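Below you'll find the structure, written out as structure tokens, and then a few comments.
Remember, it's a predicted structure, so these values are computed and weren't measured experimentally.
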Amino acid sequence: MLNVPSQSFPASSSQQRVASGGRSKVPLKQGRSLMDWIRLTKSGKDLTGLKGRLIEVTEEELKKHNKKDDCWICIRGLVYNVSPYMEYHPGGEDELMRAAGLDGTDLFDQVHRWVNYESMLRECLVGRMAVKPALPKDCREEKKVLNGMLPKSQVTDTLAIEGPISPSYDWFQTDSSVTIVIYTKQKDINLDSIIVDHQCDTFRAETVIKDYSYLIHIGLSHEIQEDFSVRVVENVGKIEIVLKKKKNTSWDCLGYPLENHNSFIPKKDTGLYYRKCQLISKESVTHDTKFFCLMLPRSTHLQVPIGQHVYLKLTITGTEIVKPYTPVSDSLLSEFKEPVLPNNKYIYFLIKIYPAGFFTPELDHLQIGDFVSVSSPEGNFKISQFQELEDLFLLAAGTGFTSMIKILNYALNNIPSLRKAKLMFFNKTEDDIIWRSQLEKLSCKDKRFEVEFVLSAPTSEWNGKKGYISSGLLSEFLKRSSDRSKVLICICGPVPFTAKGIRLLHDLNFSKDEIHSFME
């Protein structure tokens, strides 16, 4: 029997890391929307051509199916007939054909690792790749990467050569508590490096060290209380997690290992882990943008690092749909902050509601007290990019502004070398400008900060800048405080905006190291 994946998202090794330039969507024919695809998959139609059978697929067989009307693709060892999906794919047929008859795992990971392929393509599952017979021990074959995974021995060798030293852990107890100690062997560890989740008797602690993930995953031997504490000793790179026992009894052991326990692998090879967060409040910010406040479970410790995003997951018409969003600060201005809502227990989002969209209307229909699944953080922004920073330039279009909020807050409050921070904010009309009053108040409060609004469809009363991102606007805006000042330019918006902006920045002789683009 083949092990058919359940309709869950994402797969255990699936996540999104969008390529820096993003990807373009193609116009879909009428009747080829995501909802239309879901209807088709639930219609009972045979989408594999195998009449419900599941088969083992050899590499030779996979290679034969490389045409648009007969296209098989392998993703993480599972083979799908994607021919029926061709006209529904937002990236177009040509994008799928790049992996026709091949293992498309690496290509898939480069573009949209987060996509719910197991659920979306469930009815297209042909089967599993056949396992090759093991080679004799004395057969000297060149080491290869198969299905995006290195053999275990190569993983160990690679980590030893390229990655940080593997962490370790220990535990001790008192009558009322159990303390798990993680020795990271790094000195730049802080509270947003560790994510802890406790559900029923399952304890999970993921420590992110540079581009690697160290996981402790245990079925606890005894019950513990919901709340726990996390402490980081930065100068020695030690993390202490204190759990409270439900009963004051001595534990003979911490528990039993679960999937991937005590593993240390590249972050890109880990799966997204979700926890259910409760909607606490929802407020209108503009005519089509709302401010959501979600509360983390008491049994979770999660702080999203600066410049990173998470994924929100909802079940829509029986299918789990996921979208990436960047958490924001609760305000740009300290006097607006609510001390009763500590940042380590709440996550805030500014989200534009698209009436004709598929995901955001469902999000908007949630009632206070409803739940949304929130993933662990993702992203490649490094806080080290702020080191000795003098000039920070932010280029945002629409809700691309959400990626800039925490960066702006952090730079103004924590970077002593910062001389100026400037935001050029592109929108269609004045009504579309998110947090305009807060931005204007912040510019009055902190003289290092300037904001310029650019509108593409202003009214006749508008006296500010007009148009779209251009070399003329940028050359005037991007003026260094000195000839050799250290600069960081952050850009986020729709794919065409970001792609054009990056080209223009290169034309203006800004280096790759001075530019960081975010996914919207």
Side-chain angles (χ1 to χ4, degrees), residues 155-156 158-199 201-222 224-245 250-267 269-270 273 275 296-308 342-345 376-384 386-387 410 414:
V155 173
T156 305
T158 303
L159 290 179
I161 297 171
E162 300 176 3
I165 301 171
S166 178
S168 60
Y169 80 98
D170 201 352
W171 71 284
F172 60 90
Q173 62 180 314
T174 66
D175 287 343
S176 60
S177 68
V178 169
T179 300
I180 298 173
V181 183
I182 302 171
Y183 303 97
T184 68
K185 304 178 179 68
Q186 304 289 322
K187 291 187 177 181
D188 56 350
I189 297 297
N190 49 46
L191 281 173
D192 62 18
S193 302
I194 175 77
I195 305 163
V196 182
D197 290 280
H198 167 239
Q199 296 182 8
D201 62 346
T202 300
F203 174 84
R204 190 180 190 279
E206 180 183 10
T207 306
V208 179
I209 302 172
K210 297 181 178 177
D211 294 324
Y212 290 82
S213 169
Y214 176 64
L215 181 66
I216 296 174
H217 195 195
I218 292 173
L220 296 173
S221 61
H222 292 71
I224 63 172
Q225 299 180 35
E226 276 191 332
D227 56 323
F228 52 80
S229 62
V230 181
R231 175 173 173 260
V232 173
V233 185
E234 294 186 23
N235 60 336
V236 295
K238 183 172 70 171
I239 298 170
E240 296 179 349
I241 306 167
V242 181
L243 311 177
K244 298 176 183 178
K245 295 178 178 179
S250 179
W251 293 17
D252 293 331
C253 65
L254 184 58
Y256 53 91
L258 298 175
E259 184 180 10
N260 297 323
H261 171 62
N262 206 25
S263 63
F264 187 53
I265 61 176
K267 185 72 171 71
D269 294 333
T270 64
Y273 184 83
R275 69 281 304 152
L296 290 164
R298 288 185 65 192
S299 54
T300 291
H301 165 86
L302 184 154
Q303 295 183 11
V304 181
I306 303 296
Q308 295 198 12
N343 288 331
N344 63 343
K345 285 297 178 185
S376 299
E378 288 263 292
N380 57 8
F381 185 85
K382 299 290 187 294
I383 206 76
S384 59
F386 285 128
Q387 191 172 353
Y410 184 89
N414 298 280

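- To the nearest 0.5 Å, atoms CZ (F264) and CG (N262) are separated by 11.0 Å.
- Rounded to the nearest 0.5 Å, atoms CD (Q199) and OG (S299) are 6.5 Å apart.
- Between the side chains of E240 and T179, no donor-acceptor pair of N or O atoms lies under 3.5 Å.
- Smallest separation of non-hydrogen atoms from G255 and I218: CA-CG2, 3.8 Å.
- In this structure, Q186 contributes its side chain and I209 its backbone to no donor-acceptor pair below 3.5 Å.
- Within the 4.5 Å cutoff, the side chain of P167 has no heavy atoms near those of the Y183 side chain.
- Within the 4.5 Å cutoff, the side chain of K382 has heavy atoms near those of the D211 side chain.
- Without hydrogens or angle criteria, H217 side chain to E259 main chain gives a donor-acceptor distance under 3.5 Å.
- The minimum heavy-atom distance linking V181 with F172 is given by the pair CG2-CE2, 3.8 Å.
- Atoms NE2 and CZ, from H198 and R275 in turn, are 14.0 Å apart once rounded to the nearest 0.5 Å.
- For the atom pair NZ of K345 and CG of L296, the computed distance is 6.5 Å after rounding to the nearest 0.5 Å.
- The CD1 atom of I216 lies 8.5 Å from the CG atom of L254; values are rounded to the nearest 0.5 Å.
- Checking side-chain atoms of K238 against main-chain N and O of R231 turns up no donor-acceptor pair under 3.5 Å.
- Looking only at distances, no side-chain donor or acceptor of K244 sits under 3.5 Å from a matching main-chain atom of F228.
- Put simply, the side chain of K245 gets close to the backbone of T174: a donor and an acceptor are under 3.5 Å apart.
- Ring to ring, F386 and F381 are close: their centroids are under 6.0 angstrom apart.
- Considering CD of E206 and CG of N260, their distance stands at 10.5 Å, rounded to 0.5 Å.
- By the 30° and 60° cut-offs, the orientation of the rings of Y169 relative to Y214 is tilted.
- The backbone N or O of L191 lies less than 3.5 Å from a partner atom in the side chain of H301, making a donor-acceptor pair.
- When each of I195, L215, V196, I194 is paired with T207, the side chain to side chain contact (heavy atoms under 4.5 Å, CB included) condition holds for I194 and for no other.
- For the pair S166 and K185, the tightest heavy-atom approach, listed with the atom from each and the gap, is O-NZ, 3.2 Å.
- A 4.5 Å side-chain heavy-atom check between Q308 and D192 finds every atom pair outside the cut-off.
- In this structure, K267 and S213 approach most closely via the heavy-atom pair CD-CB, 3.9 Å.
- The two residues I189 and V208 have their closest heavy-atom pair at CD1-O, 4.3 Å.
- Checking side-chain atoms of T184 against main-chain N and O of G237 turns up a donor-acceptor pair under 3.5 Å.
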